[in-house]
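To start, the structure under review is shown below, and the notes come after it.
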Amino acid sequence: MRLTNIKFKHMKRRLVFFSLIVFAAVSCDSKSYRYKSADNMYLSVPTLDELGADWMDVSTLRNFPAVMNFVGGLQSTRNITAFQYLTLPPFAQKDGKFITWDESLISNRLLNDSMKNWSCEIWMNGKPALSTESKWLPYEVQRKAAIENVEMHSFMRMPFEQKGVFLQLVLRNTTSQSKAFELSMKTYGHVRSYPAEKWRRWDTPRPDDDNFTATVTDDKKAVVISDRSSPTAVSYYFVNEPDDIQASGDTGNVGWKIVLAPGEEKTMKFVYAVGADKEAVLTEANRWVINFDRQFDLAKSKWEERWQAAFTPGNAHFSGHFPILATDDPKIRRVYYHGAIVPLLLCRTGFPLSERCYVTAGPRWANSLTYFWDAEVWANTLAMLDPAAAKDQIMEWFSLDFHACYAIECYTGKGAGPWYAANDWSIFRTVEAYLEITGDRDFLNRVIYGKTLLQHLDAIAVFHESRPLTERSLLADYGTSVNLLECSPSYIHGVPALNAANVYMLRKAAGYHRAAGNGKRADELEAKAEKLLPAVLSLYEPGEGVWSAMDNKGNKVPIRHCFDYIVTGQALENDLSPQIKKEMNHFVETELRTKTWMRAMSLKDPAAADSDRPDHGPLGSYSAWPALTMDVMCRFGDFDKAADFLRAVEELTRQGPWSQAHEFTGPNSRAYDPVVRSASRGGQDANESCGTAFMETVICAFFGLRPELSVDKPVLLSPDSPRGFNGELRHVPCKGKLYTIISDEKGVRAKKE
């Protein structure tokens, strides 16, 4: 009896203790822990289908959605099967043209000639099948059309890491009677191969002639179009055997007679292969045709595998991985993962420079270039996903004279383009990100093209001294608009952003020298920084929240641009007074922010009327600027407004991936709530690596990861400040270890996994 009572008392104590634990867990802010439920969808990495865009009215599109497959890409068009800007280096399709459609122009010869820049347009009963709706997914573009009571729904994919295209067109009779009609396809396929040296340009080399020949195979199942100017051939192979197939000059004409019963569906399937040899492309296309359904499915499943691998520690493809975001805030979650998809869209596995190159844009422009400036805005994220590629990239950069180019070309490993004034800041920050994420201290002593990496960083930090604005000025002259924002005639010479960057780089280089035992050099660099700082701060306009430039005669030039907010905020965050930070944030809120996006330049900027380019002007923004603006808002302690901004941009992910820029359209383009669309005018591309800045900002600003090379554990920005949302960032790589960073009502904290 006594033993039984003792056991009962012990059991009772355990039950009370267990109840207290459960009560404590439940009593803790339930919102903070909701996302931890094992059956909650927000714990997992979203699938590619979850990332897909909404159906878009084609008439509202400014830039058509694209498909990428790790070796290249293409862009859709308004015709339900046609594509343009196919780029599979060394192969590139003829330059496309955006056409404003008008039924009265269909027979116009000029219109027909311009459509020859496309690939394979479908016609029905003599009318082009023009899509009315379009939907982007990472592995596919879908389009819909309806002609004479026949619904059309197309699916366009690219075979995974192979040079080709798959098309599937579903036809459905929507009437209660049988429907007979003729379906025809015009195949142009003007594709040419170019030697590596020709790719060293932002405007991808493309044929501008009709020096091509079309032929039909003996079995009447395929059209081949051969280039007479290069060893290039494309084959159109049809799963559904044509009723008519002919070649005429440089064009193929294919036709089918279709009869559909009431409500009946029929699926047409086509493949397109590109290569250097006619027989080889026919063999490849035939292989895909024989097993079309499986090959079509693999185009998706292999993409999904690659995507999921990017978040898996120790995966077999990337040398690192992305952190997983677990949060019950669906908008922030979607923006984060949309940032993550962009570098995979632009990852290229077929260039000789590196096993994996991350190009800046595609599929229309700069398909083999990595711009230093664009690479910097997601440098920490690359150092997590692929530190080996990041390190290779840095070493290749130092083989170039990066004061004479703006990008590295991934075929030749040579520089491309003119000098961009932001190069020093971009390269320095990219190196800094790699060093401090990986903890690779030995890399500073690595000799790269005759100098240690630390010596290279030192040279970058003092480069500005070779470009004095005036004879006695400490400020540097950063040239004209071609070296800076390209579109603003007043954003030239002594710009505040990059002069502020010099202060930062001098201090950071000094820190690396001091850690290496070079105290004397560290003192010299720090003294230079402290001497330069007042000259930079003198460019601030008190009460305005903006910074003026200075011309090469020593006169102030008023400018109101987000780039100064971003870079001065990043470079001088500990030098700016609370009042200056408040005023700078007010400038963003009142002159740049819109409901779902922002202006790169204020409408009050004196150059606004002459700077209308979507990425850097007053009617839109380069896709990194909103993310980096949020970064500085967080540095200035304005987490709630930054989180609201982050949620607001989620609406744009419903249109598709982050492009080079989004622009404002419609009658409210100068108001708070304009229509926002992915931009095309001004040479803007459909996919751009700068969109990864949204992921970078979530990691480094909202979760506050600020690693320092001399500190083993992660350093966090303002750890006691709540971020405006709850969540966990899991498997965060930092100096060879993995951490979970938690954001809740108390702020942020990191724990080792």
Report summary line: From the list R613, R677, R681, salt bridge (charged side-chain N to carboxylate O under 4.0 Å, His left out) partner of E663 resolves to R681
Query raised in the report: Within a radius of less than 6.0 Å around CD of E651, do more than 12 heavy atoms belonging to other residues, nucleotides or ligands occur?
Result: no
Report task. Would you name the heavy atoms of A529 and V503 that are closest together and state the gap between them? Result -> CB-O, 3.9 Å
Report task. State whether the side chain of H561 and the backbone N or O of H616 hold a donor-acceptor pair below 3.5 Å, judged by distance alone. Result -> yes
Query raised in the report: So, do L628 and I566 sit near enough that their side-chain heavy atoms are less than 4.5 Å apart?
Result: yes
**Report entry** Greater than 12 external heavy atoms within 6.0 Å of K135's NZ
**Finding:** yes
Query raised in the report: Mind checking whether W202 and W365 have parallel, tilted or perpendicular rings, split at 30° and 60°?
Result: tilted
Query raised in the report: Do the rings of W136 and H338 sit parallel, tilted or perpendicular, given the 30° and 60° boundaries?
Result: tilted
Query raised in the report: What do the steps show when you test Y622 against W625 for ring-ring contact (aromatic ring centres under 6.0 Å, His included), and what is the final call?
Result: CA-CA 6 Å; Y622 174 64; W625 296 153; 4.7 Å; yes
Requested in this report: Could you tell me whether a side-chain N or O of D685 sits under 3.5 Å from a main-chain N or O of R364, the two making a donor and an acceptor?
Outcome: yes
Query raised in the report: For the residue pair Y420 and W373, does the interplanar ring angle fall in the parallel (under 30°), tilted (30 to 60°) or perpendicular (over 60°) class?
Result: perpendicular
Query raised in the report: Testing N585, V588, T697 for side chain to side chain contact (heavy atoms under 4.5 Å, CB included) with T629, which one passes?
Result: V588
Query raised in the report: Does F725 have R333 sitting over its ring (NZ/CZ under 6.0 Å from centre, angle to axis within 45°)?
Result: no
Query raised in the report: Taking the six-membered ring for Trp, is the centroid-to-centroid distance between F372 and W397 below 6.0 Å?
Result: yes
Requested in this report: For the pair R599 (side chain) and G617 (backbone), establish whether a donor and an acceptor sit closer than 3.5 Å, ignoring hydrogens and angles.
Outcome: no
Requested in this report: Would you please classify the geometry between the F563 ring and the Y491 ring as parallel, tilted or perpendicular, with 30° and 60° separating the classes?
Outcome: perpendicular
Query raised in the report: Does K331 NZ have over 12 foreign heavy atoms under 6.0 Å away?
Result: no
Query raised in the report: Got N483 and Y478 here, is their nearest side-chain heavy-atom distance under 4.5 Å?
Result: no
Requested in this report: Tell me, yes or no, whether the heavy-atom count around K531 atom NZ, taken from other residues, nucleotides or ligands under 6.0 Å, exceeds 12.
Outcome: no
Query raised in the report: E409 and R200: salt bridge (Lys or Arg N to Asp or Glu O under 4.0 Å), yes or no, with the steps?
Result: CA-CA 6 Å; E409 196 279 311; R200 290 179 58 198; 5.8 Å; no
Query - Centroid-centroid distance, F694 to W658, less than 6.0 Å - result: yes
Requested in this report: Would you check if there is a donor-acceptor pair between the side chains of S426 and E376 at a distance under 3.5 Å?
Outcome: no
Requested in this report: Could you list the residues that satisfy side-chain hydrogen bond (donor to acceptor under 3.5 Å, both in side chains) with R670, not counting sequence neighbours?
Outcome: none
Query - Sub-4.5 Å side-chain heavy-atom contact between L346 and N687 - result: yes
Query raised in the report: Heavy-atom distance under 4.5 Å between the side chains of P65 and S134, does that happen here?
Result: yes
Report task. Validate the cation-pi geometry between R723 and F639: distance from NZ or CZ to the six-membered ring centre under 6.0 Å, angle to the ring axis within 45°. Result -> yes
